[in-house]
Novice: 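Once you've had a glance at the structure underneath, I'll fire off some questions.
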Amino acid sequence: MQNQKQSLLVLTCLSVGIVYGDIGTSPLYAFKAMFSGTHALAIDSANVFGVLSLVFWTFVITVSIKYLAVVTRASKRGEGGVLTLTALAHSAAPQKSKKIIIFLGMLAAGFFFGEAIITPAMSVLSAVEGITVINHDLQPMIIPIAITIICALFAIQKYGSGSIGRLFAPVMLLWFSCIGILGIISIVAHPQVLLALNPWYALMFVINHGIETLFTLGVVVLAVTGVEALYADMGHFGIKSIRLAWFFIVMPCLVLNYFGQGALVLADASTAVNPFFLLAPTMLRIPLIILATFATVIASQAVISGIYSLTRQAVNLGYLPPMRIYHTSHQAQGQIYVPLANLLLFVLVITVVLTFGSSERLAAAYGIAVTATMLISSIFTLVVARHLWQWSRLMTLQYGLLMLTYDALLFTATALKFMDGGWLPLTIGSMVFILMVIWYLERQRLGSLLKQPLSAEAMVTELEQKPWTRASGTAVYFSRNEGQVPSSLINNLKYNEILHQRNVLLTFKYPDQPRVHPLKRMEVTQLSATFWQMIVYVGYQESPDIEQIYTVSRSNGFTLHSSDTLFFMSSERIKIKPISWWHDTKARLFILLSRNALRTSERLHVPSDRLIEIGVHVEI
């Protein structure tokens with residue numbers, strides 16, 4: 001029992017470092033953004049109390065109730081994330097709704113990509129902007145320093161996050177302690193701000209400002225940046241430790257800091273230019289800037305790692321073309337590096353920094369894609385609650401009214417910032433979504449075109465009746481679908497007129513679960529004296545590897561030896577069959593993606609001297 005308590009305490013501290021990095025750095029820019037910009041609020045007690053009350057109750061409704069109490073219940077073997085929720089909703093939904101679920105899941109994943117370019121830029125800029133509190137003449141240095149930090153951050157990704165990851169927890173624990181203490185000091189001087197805990201002040205703010213409240217809600221959403229990480233990372237730490245970290249460390253420190261900033265601006269309106277850093281005494285501002293920079297790097301690292309993980313999931317689920325993925329740790333399977341995603345994200349983040357130039361302007365661009373993802377998550381949760389958890393209609397309706405109404409308000413509020421920069425993450429997210437849809441649908445169509453009329457069993461029975469010349473060793477033919485004859489086998493027989501002593505039809509399946517138990521990794525069925533059907537199951541958070549297949553085959557009574565096994569695969573040569581401009585555009589894009597996609601043999605790391613590729617021409 002004592003060991004369990006110690007383990008839970010360690011996991012709680014670790015989750016503070018990784019899960020809450022993004023939401024934990026929101027005080028740097030969120031409160032400031034409410035009293036600056038086009039729709040800046042006047043600094044008076046009614047507005048400050050109203051804003052603080054909105055922030056507090058957004059923490060309660062969105063983070064505490066929606067995510068920590070409800071959404072995190074939707075897990076597969078303890079794993080979460082938007083694609084996990086998509087998989088659960090897809091399995092639970094009625095048949096007629098399944099395709100809609102898949103496309104909404106792709107849309108949510110695309111929006112996550114879109115928002116990921118804003119978070120590192122906004123976090124790092126907001127930390128570096130603290131130097132102007134020390135000396136306003138340092139303003140021109142903000143962009144060069146921020147770009148240097150971002151370049152260094154993306155440059156070290158290929159070495160893995162393991163080393164820097166060990167610093168996450170202590171740095172973020174120090175960060176939360178500091179921001180909480182700074183908030184307490186300010187609140188003690190002006191304790192009346194604690195009245196804003198009363199939801200009455202949020203209600204009065206809404207009544208007084210009417211429709212203009214939407215502009216404020218569009219900024220309030222900045223306070224819950226990275227809330228999806230609570231759900232996405234729960235497989236690493238467990239939901240219990242994530243909940244403990246939120247209720248006993250993160251939320252209290254965040255509330256104290258926001259309320260401390262509120263007390264500060266009420267006492268001195270001029271501090272609204274940067275209330276976070278002005279909370280600290282003059283002598284402590286430089287150390288606070290340094291600490292804030294480390295905290296924002298950690299927050300950015302968490303977002304980057306999230307992009308890598310989501311990319312791998314999308315590839316395994318067939319939503320994105322296969323691409324090169326490296327494991328940066330032998331111990332932690334979740335630590336991966338995706339070069340293409342890293343490069344694209346780096347270029348876009350640098351572009352965003354140079355284009356917007358300040359955290360205040362970036363705040364206007366943030367939110368619309370996040371709130372769209374939150375809205376989709378609520379819809380999926382209702383599907384799971386009704387059909388999987390068997391909630392009553394009344395209970396589902398009550399929860400749905402609360403969450404969908406609030407999420408719809410937040411989405412509407414952030415949509416008002418479309419022309420101020422909100423178009424950027426929405427556009428990028430939509431482009432990723434379109435790529436996903438085209439790849440998913442065209443890949444399915446290509447599979448149907450390549451499908452052979454004969455079943456694998458019928459073909460094998462026919463082959464065994466003929467006296468083929470037999471080569472020694474084992475031939476493994478990659479097959480798209482179980483029970484189908486691989487094109488590589490047909491063409492091998494057509495051109496080489498030879499069979500091996502042992503022939504394996506190998507199919508990969510990606511079930512709707514994050515990881516597959518090693519004992520359930522492979523199924524082997526003997527089809528005839530010299531043919532076997534082999535099915536390998538890979539979770540969407542796993543990366544297949546030929547060495548794993550060699551190892552697992554030994555425990556399934558059919559051993560593959562690297563020294564005498566050849567792998568045969570088809571290499572499609574796709575041509576366009578002109579039909580319409582939309583069809584031709586989709587086909588051209590699919591061909592472009594296919595040519596640049598990582599081949600199955602490369603994903604599996606099949607040695608080149610063990611691989612035989614046979615070209616197949618197909619018209620789409």
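Bear in mind the structure is a predicted one, so any value in this text is a computation, not a measurement.
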Novice: Donor-acceptor pair, T373 side chain versus A369 backbone, under 3.5 Å?
Specialist: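 Yes: the side chain of T373 pairs with the backbone of A369.
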Novice: Apply side chain to side chain contact (heavy atoms under 4.5 Å, CB included) to residues M323 and T311 and explain how you reach the verdict.
Specialist: CA-CA 9 Å; M323 57 190 75; T311 300; 3.5 Å; yes
Novice: Taking the six-membered ring for Trp, are F567 and F478 parallel (under 30°), tilted (30 to 60°) or perpendicular (over 60°)?
Specialist: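 It falls in the parallel class, under 30°.
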Novice: Ignoring hydrogens, what is the shortest heavy-atom contact between V349 and I117? Give both atom names and the distance.
Specialist: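 Heavy atoms only, the tightest pair is CG2-O, 3.6 Å.
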Novice: Would you check, one step at a time, whether the test side chain to side chain donor-acceptor pair (under 3.5 Å) holds for Q301 with S305?
Specialist: CA-CA 6 Å; Q301 177 63 57; S305 298; 3.0 Å; yes
Novice: Name all residues meeting the ring pair (Phe, Tyr, Trp, His ring centres under 6.0 Å) criterion together with W532; count only those two or more places apart in sequence or in a different chain, and write none if there are none.
Specialist: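 Counting only residues at least two positions away or on another chain, W532 forms a ring pair (Phe, Tyr, Trp, His ring centres under 6.0 Å) with F558.
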Novice: Going by heavy atoms in the side chains, are K586 and E442 under 4.5 Å from each other?
Specialist: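 When only atoms from C-beta onward are counted, E442 and K586 do touch, with a gap below 4.5 Å.
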Novice: Does G539 offer a backbone N or O that forms a donor-acceptor pair with the side chain of R515 under 3.5 Å?
Specialist: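 It does not hold such a pair.
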Novice: Provide the closest heavy-atom pair for T72 versus S75 in the form atom of the first, atom of the second, distance.
Specialist: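 Scanning both residues, the minimum pair turns out to be O-CB, 4.2 Å.
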Novice: Just by modelled atom types, is the I23 backbone N or O under 3.5 Å from a matching donor or acceptor in the S26 side chain?
Specialist: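 Such a contact is found between S26 side chain and I23 backbone.
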Novice: Can you name the closest pair of heavy atoms from V353 and A121 and give their distance?
Specialist: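 Closest heavy-atom pair between V353 and A121: CG2-CB, 3.6 Å.
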Novice: Quick check for you: to the nearest 0.5 Å, what is the distance between I150 atom CD1 and L345 atom CG?
Specialist: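 Rounded to the nearest 0.5 Å, the CD1-CG separation comes out at 10.0 Å.
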Novice: For W389 and R73, what are the C-alpha separation, side-chain angles and deciding distance, and is it a side chain to side chain contact (heavy atoms under 4.5 Å, CB included)?
Specialist: CA-CA 10 Å; W389 300 339; R73 289 183 57 198; 3.6 Å; yes
Novice: Answer yes or no: is there a side-chain heavy-atom contact under 4.5 Å between H90 and I102?
Specialist: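 Result yes, sub-4.5 Å side-chain heavy-atom pair found.
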Novice: Quick test of your reading of the model: are K509 and E523 salt-bridged, counting only N-O distances below 4.0 Å?
Specialist: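 Between E523 and K509 there is no salt bridge, as every charged N stays at least 4.0 Å from the carboxylate O atoms.
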Novice: If you round to the nearest 0.5 Å, how far is CG of L424 from OH of Y366?
Specialist: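 Rounded to the nearest 0.5 Å, the OH-CG separation comes out at 13.0 Å.
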Novice: Is the distance between the ring centroids of W439 and F590 under 6.0 Å?
Specialist: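 Yes: the rings meet the under 6.0 Å criterion.
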Novice: Quick check: do V224 and V370 have side-chain heavy atoms less than 4.5 Å from each other?
Specialist: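 Not in contact.
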Novice: Less than 4.0 Å between a side-chain N and a carboxylate O, is that true for R312 and E542?
Specialist: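 No salt bridge links E542 with R312.
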Novice: Measure across K575 and I591 and return the closest heavy-atom pair with its distance rounded to 0.1 Å.
Specialist: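 Looking at all heavy atoms of both residues, the closest pair is C-CD1, 4.5 Å.
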Novice: With no hydrogens and no angle check, is any side-chain donor or acceptor of N496 less than 3.5 Å from a backbone partner on I498?
Specialist: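 No, N496 side chain to I498 backbone: no donor-acceptor pair under 3.5 Å.
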Novice: Would you compute the distance between atom OG1 of T565 and atom CD1 of I546 and round it to the nearest 0.5 angstrom?
Specialist: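 One gets 8.5 Å once the value is rounded to the nearest 0.5 Å.
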Novice: Compute whether any side-chain donor of one residue and acceptor of the other, for T216 and E212, lie under 3.5 angstrom apart.
Specialist: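 Their side chains do not contain a donor-acceptor pair, so the 3.5 Å distance test is not met.
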Novice: Evaluate the criterion side chain to side chain contact (heavy atoms under 4.5 Å, CB included) for residue pair F215 and V219; output intermediate values, then yes/no.
Specialist: CA-CA 7 Å; F215 293 108; V219 184; over 6 Å; no
Novice: Determine whether the aromatic ring centres of F568 and Y477 lie less than 6.0 Å apart.
Specialist: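 F568 vs Y477: aromatic centres under 6.0 Å.
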Novice: For a 4.5 angstrom cut-off between non-hydrogen side-chain atoms, does I147 reach V124?
Specialist: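 Contact flag for I147/V124 side chains = no.
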Novice: Measure from the side-chain N and O atoms of S570 to the backbone N and O of S488, and report whether any donor-acceptor pair falls under 3.5 Å.
Specialist: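 Checking the backbone N and O of S488 against the side chain of S570, a donor-acceptor pair under 3.5 Å is found.
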Novice: Could you tell me if the side chain of L409 sits less than 4.5 Å from the side chain of F411, heavy atoms only?
Specialist: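 A side-chain contact under 4.5 Å is absent here.
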Novice: Keeping to residues at least two apart or across chains, list the side chain to side chain donor-acceptor pair (under 3.5 Å) pairs with something in residues 408-422.
Specialist: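 Residue pairs with at least one partner in residues 408-422: T371-T414.
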Novice: Carefully, step by step, assess S377 and E228 under the rule side chain to side chain contact (heavy atoms under 4.5 Å, CB included).
Specialist: CA-CA 9 Å; S377 295; E228 284 285 340; 3.2 Å; yes
Novice: Which value, rounded to the nearest 0.5 Å, describes the distance between L499 atom CG and N492 atom CG?
Specialist: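 Rounded to the nearest 0.5 Å, the CG-CG separation comes out at 7.5 Å.
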Novice: Short question: side chain of T25, backbone of G21 - any donor-acceptor pair under 3.5 Å?
Specialist: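 Yes, the answer is positive, given that a donor and an acceptor are paired below the 3.5 Å cut-off.
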Novice: Mind checking the CD1-OG spacing from I574 to S594? Nearest 0.5 Å is all I need.
Specialist: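 Spacing of CD1 (I574) from OG (S594) equals 4.0 Å.
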Novice: Under the 3.5 angstrom rule, does the side chain of N503 hit a backbone N or O of H500 as a donor-acceptor pair?
Specialist: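 Indeed, once roles are kept as given, a pair shorter than 3.5 Å links the two residues.
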Novice: Counting C-beta onward and ignoring hydrogens, is there a side-chain heavy-atom pair between M569 and L506 closer than 4.5 Å?
Specialist: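 Contact flag for M569/L506 side chains = no.
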Novice: Give me the atom names and distance for the closest heavy-atom approach of V538 to V516.
Specialist: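 It is C-CG2, 4.0 Å.
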Novice: At what distance, to the nearest 0.5 angstrom, does CD of E115 lie from OG1 of T119?
Specialist: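 Going from CD on E115 over to OG1 on T119, the span is 6.5 Å.
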Novice: Are I576 and R588 close enough that some pair of their side-chain heavy atoms sits under 4.5 Å apart?
Specialist: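 Yes; the side chains approach each other to less than 4.5 Å.
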Novice: In a table with atom names and distances, give each donor-acceptor pair under 3.5 Å that connects a side chain of residues 400-407 to protein atoms at least two apart or in another chain.
Specialist:
from, atom 1, to, atom 2, distance (Å)
T405, OG1, L401, O, 2.4
Y406, OH, T58, OG1, 2.6
D407, OD2, K66, NZ, 2.8
D407, OD2, S378, OG, 2.4

Novice: Is a side-chain donor or acceptor of Q157 paired with a backbone partner of N342 at a separation under 3.5 angstrom?
Specialist: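 Not at all, since once roles are kept as given, no pair shorter than 3.5 Å links the two residues.
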Novice: Scan F433, Y440, F113 and name whichever one has a ring pair (Phe, Tyr, Trp, His ring centres under 6.0 Å) with Y319.
Specialist: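 Among F433, Y440, F113, the one meeting ring pair (Phe, Tyr, Trp, His ring centres under 6.0 Å) with Y319 is Y440.
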Novice: Is the backbone N or O of R361 less than 3.5 Å from a side-chain atom of S358, with the two atoms forming a donor-acceptor pair by type?
Specialist: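 Confirmed, S358 side chain pairs with R361 backbone.
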Novice: Measure across P321 and A597 and return the closest heavy-atom pair with its distance rounded to 0.1 Å.
Specialist: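 For P321 versus A597, the nearest heavy atoms are CB-CB, 3.8 Å.
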Novice: For A74, is there any backbone N or O sitting under 3.5 Å from a side-chain donor or acceptor partner on Y231?
Specialist: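 Checking the backbone N and O of A74 against the side chain of Y231, a donor-acceptor pair under 3.5 Å is found.
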Novice: Indicate whether any N or O donor in one side chain lies under 3.5 Å from an N or O acceptor in the other, for Y29 and E360.
Specialist: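 No - no donor-acceptor pair under 3.5 Å links their side chains.
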Novice: Taking the side chain as every heavy atom from C-beta outward, state whether P486 and L505 have any atom pair closer than 4.5 Å.
Specialist: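 SC-SC contact between P486 and L505 confirmed.
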